[in-house]
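Below is one structure, written out as structure tokens; the observations come after it.
Just so it is clear: chains get the letters A, B, ... in the order the sequence lines come, proteins before strands, and each one is counted from 1.
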There are 2 protein chains.
Amino acid sequence: MTRSADIRVAVSTVILTLRRGDDGPPVLALPLVRRTREPFAERWALPGGWLTPEESPVDAAARTLAETTGLAPTYLEQLYAFGAVDRSPTRVVSIVYWALLRQDDVEAQITAHRASGRAPENVEWFDVDDLPALAFDHHEIIEYALWRLRNKVGYSRVAQGFLPAEFTLAELREAYESILGRALDPANFRRQVESAGNLIRTDRFRTGSHRPARLYRDDTDLELADRGPLRPEETRTR
Amino acid sequence: MTRSADIRVAVSTVILTLRRGDDGPPVLALPLVRRTREPFAERWALPGGWLTPEESPVDAAARTLAETTGLAPTYLEQLYAFGAVDRSPTRVVSIVYWALLRQDDVEAQITAHRASGRAPENVEWFDVDDLPALAFDHHEIIEYALWRLRNKVGYSRVAQGFLPAEFTLAELREAYESILGRALDPANFRRQVESAGNLIRTDRFRTGSHRPARLYRDDTDLELADRGPLRPEETRTR
DNA sequence: GCAAAAGTGTTAAGCTTACACCCATGC
DNA sequence: GCATGGGTGTAAGCTTAACACTTTTGC
């Protein structure tokens, strides 16, 4: 009855944001934590920790996400449970989540950390196409998370999880283009998202360059993606 | 470091097949196991067992599936890891898989069991819309598996996992109709699956009623669904 | 022949895609 | 004015959906 006692359960999270470069298009980025002990000491790894008896996996993901970034995600979903026998020297099953953070939240938090001088230890943000060597199977896990994101962007509104409260359609389109890796026709993109009816037009405009662009915000009454019939405690994010 | 030692890991599988009634349309059905001990003694539950240290979750799912049904699945995919604190009196994380079985395999196996008199103990097949009271959160798990199946049927070929080696387009359409719960236009259905190019026309026909129908078989070189970049050991089914 | 299922043809509607063009602002 | 991104118009092409129609069998 206690045959599985020597299998430990960890929870890790692929925390994604869209970092806006000053020059080119925005790029997907994620925080990694430098390991301080064996195995894989000094290597970078996904944020996470052991699942505690008092806490559900999704709560553990939200908690370690907050500990690593100081932020709450706009989207949080289970990715996969990885449990291959040889994925760690000791037997570990990792329940992995993926989360989206708003780019402005991340930038504000990094600025605040820098100003106060008390940033989380051993945490660093990396562009997804410029990752260091990673511990365990975390590289494959990130690949799978990116595949899921790119898929889900096609049939849900998850891309809006990266954007601030108000944004222009060009900013939303830039987010899609960065995630999908290809250019989208501005005219058609506009019509598609407008007719989808998930965006709320504001009366405000973004000025500063050329013709002012209308600001939109997303309808927070609607989930960013259909979670199906999962129990509420499996899906709550805020 | 051993904080998660009192969390045990189980693996369960929602094993689905399409049972063809003599009269009406085929219905989804699954095997359940009657529990012999507490908690939930005498209640029906999903087939499964504890994850052993020597075996990966997907192997455990395939093994318990074979123990319950004597069969190998045509499709096997991880569904979700359920880990809410209160889902069991003791703390259990269940990595749940969902699997498809060919209807002819299931029928042959049931007939064989009946003939030999040595059917697996405490196993019974139920139609999904006529389930008994279930142990734990297994009812919600089944609902989620059915939601996933219905979704996946729309953008993959998983429905073919229910059918025998050779089948008519009407049989394939019946499978889709049963899963989706609505009628499909035979003419349009034919064109869609033919143009998808995943079926191989045979020179054989199903006779016995009215005009003979051409038999098709599926292209076994192709996966029934896109698994993304998951490692092969996470996806192998045969 | 007749009923019924297999299979083909045809057309309307809608959606996607490409791209021409006008609008409003900063410089 | 003019360059530039914001925003609208429009038409071709493809996909979906509805349904009429022909073919081939069992009875």
Side-chain angles (χ1 to χ4, degrees), chain A residues 20-26 150-151 153-157 159-160 163-164 166-217, chain B residues 20-26 150-151 153-157 159-160 163-164 166-217:
Chain A
R20 41 184 324 107
D22 301 324
D23 45 339
R150 291 188 176 113
N151 260 295
V153 148
Y155 62 88
S156 77
R157 308 181 300 125
Q160 287 173 45
L163 297 183
E166 296 191 333
F167 49 85
T168 67
L169 291 186
E171 288 162 353
L172 181 58
R173 179 169 47 81
E174 263 198 317
Y176 275 86
E177 290 177 337
S178 291
I179 296 163
L180 297 174
R182 63 191 173 86
L184 302 173
D185 183 293
N188 297 330
F189 181 81
R190 159 182 303 275
R191 271 182 294 251
Q192 279 162 18
V193 301
E194 275 181 340
S195 71
N198 303 313
L199 292 184
I200 298 171
R201 278 164 68 112
T202 72
D203 294 328
R204 296 154 49 78
F205 291 81
R206 167 104 63 236
T207 58
S209 72
H210 314 295
R211 173 172 172 178
R214 184 180 293 276
L215 291 169
Y216 291 77
R217 58 189 174 79
Chain B
R20 43 184 322 109
D22 300 325
D23 45 338
R150 290 186 177 114
N151 260 295
V153 148
Y155 61 88
S156 76
R157 308 181 299 125
Q160 287 174 45
L163 297 183
E166 296 192 333
F167 49 86
T168 67
L169 291 185
E171 287 162 353
L172 181 58
R173 178 168 48 81
E174 264 199 318
Y176 274 87
E177 289 177 337
S178 291
I179 297 163
L180 296 173
R182 63 191 172 87
L184 302 174
D185 183 292
N188 296 331
F189 180 82
R190 159 182 302 276
R191 271 181 295 250
Q192 279 162 19
V193 302
E194 276 181 341
S195 70
N198 302 314
L199 291 184
I200 298 171
R201 280 165 67 112
T202 72
D203 293 330
R204 295 153 50 77
F205 291 81
R206 167 104 64 237
T207 58
S209 73
H210 313 296
R211 175 171 172 178
R214 183 180 294 275
L215 291 168
Y216 291 76
R217 56 189 175 81

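- Checked against side chain to side chain donor-acceptor pair (under 3.5 Å), B/Arg173 has the following partners two or more places apart in sequence or in another chain: B/Glu177.
- Using a 4.0 Å heavy-atom criterion, one finds that A/Arg191 contacts the bases of the nucleic acid, with or without backbone contacts as well.
- Note: CZ (B/Phe205) to C1' (C/dA6) measures 10 Å, nearest angstrom.
- For residues 201-212 of chain A, the pairs satisfying salt bridge (Lys or Arg N to Asp or Glu O under 4.0 Å) are A/Glu166-A/Arg204, A/Glu171-A/Arg206, with sequence neighbours left out.
- Residues satisfying the side chain to side chain donor-acceptor pair (under 3.5 Å) test with B/Glu194, not counting sequence neighbours, are B/Tyr216.
- Put simply, OG1 on A/Thr207 and CG on A/Leu215 are 9.0 Å apart, with the number rounded to the nearest 0.5 Å.
- Here C/dG7 presents its P atom at 16 Å from CD of B/Gln192, a figure rounded to the nearest Å.
- Among pairs with a residue in residues 168-201 of chain A, those fulfilling ring-ring contact (aromatic ring centres under 6.0 Å, His included) read A/Tyr176-A/Phe189, at least two apart in sequence or across chains.
- With sequence neighbours excluded, the residues forming a side chain to side chain contact (heavy atoms under 4.5 Å, CB included) with B/Pro164 are B/Arg102, B/Gln103, B/Asp104, listed by chain and number.
- B/Arg157 pairs by the salt bridge (Lys or Arg N to Asp or Glu O under 4.0 Å) definition with nothing, not counting sequence neighbours.
- Chain B approaches DNA chain D within less than 4.0 angstrom (heavy atoms of the protein), and the contacting nucleotides run 5' to 3' from D/dA17 to D/dG26.
- Of the residues in residues 172-188 of chain B, B/Asp185, B/Ala187, B/Asn188 come within less than 4.0 Å of DNA chain D through at least one heavy atom, sorted by number.
- Going from atom CZ of B/Phe189 over to atom P of C/dA5 covers 17 Å, rounded to whole Å.
- Applying the ring-ring contact (aromatic ring centres under 6.0 Å, His included) rule to pairs touching residues 193-212 of chain B yields nothing, sequence neighbours excluded.
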Short heteroatom pairs, N/O only, protein and nucleotides 21-27 of chain C, under 3.5 Å:
residue, atom, partner, partner atom, Å
C/dC23, O2, A/Arg211, NH1, 2.9

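- Every residue meeting the side chain to side chain donor-acceptor pair (under 3.5 Å) condition with A/Arg191, not counting sequence neighbours, appears here in chain and number order: A/Asn188.
- Heavy atoms of other residues, nucleotides or ligands lying less than 6.0 angstrom from CZ of B/Arg217 number 12 at most.
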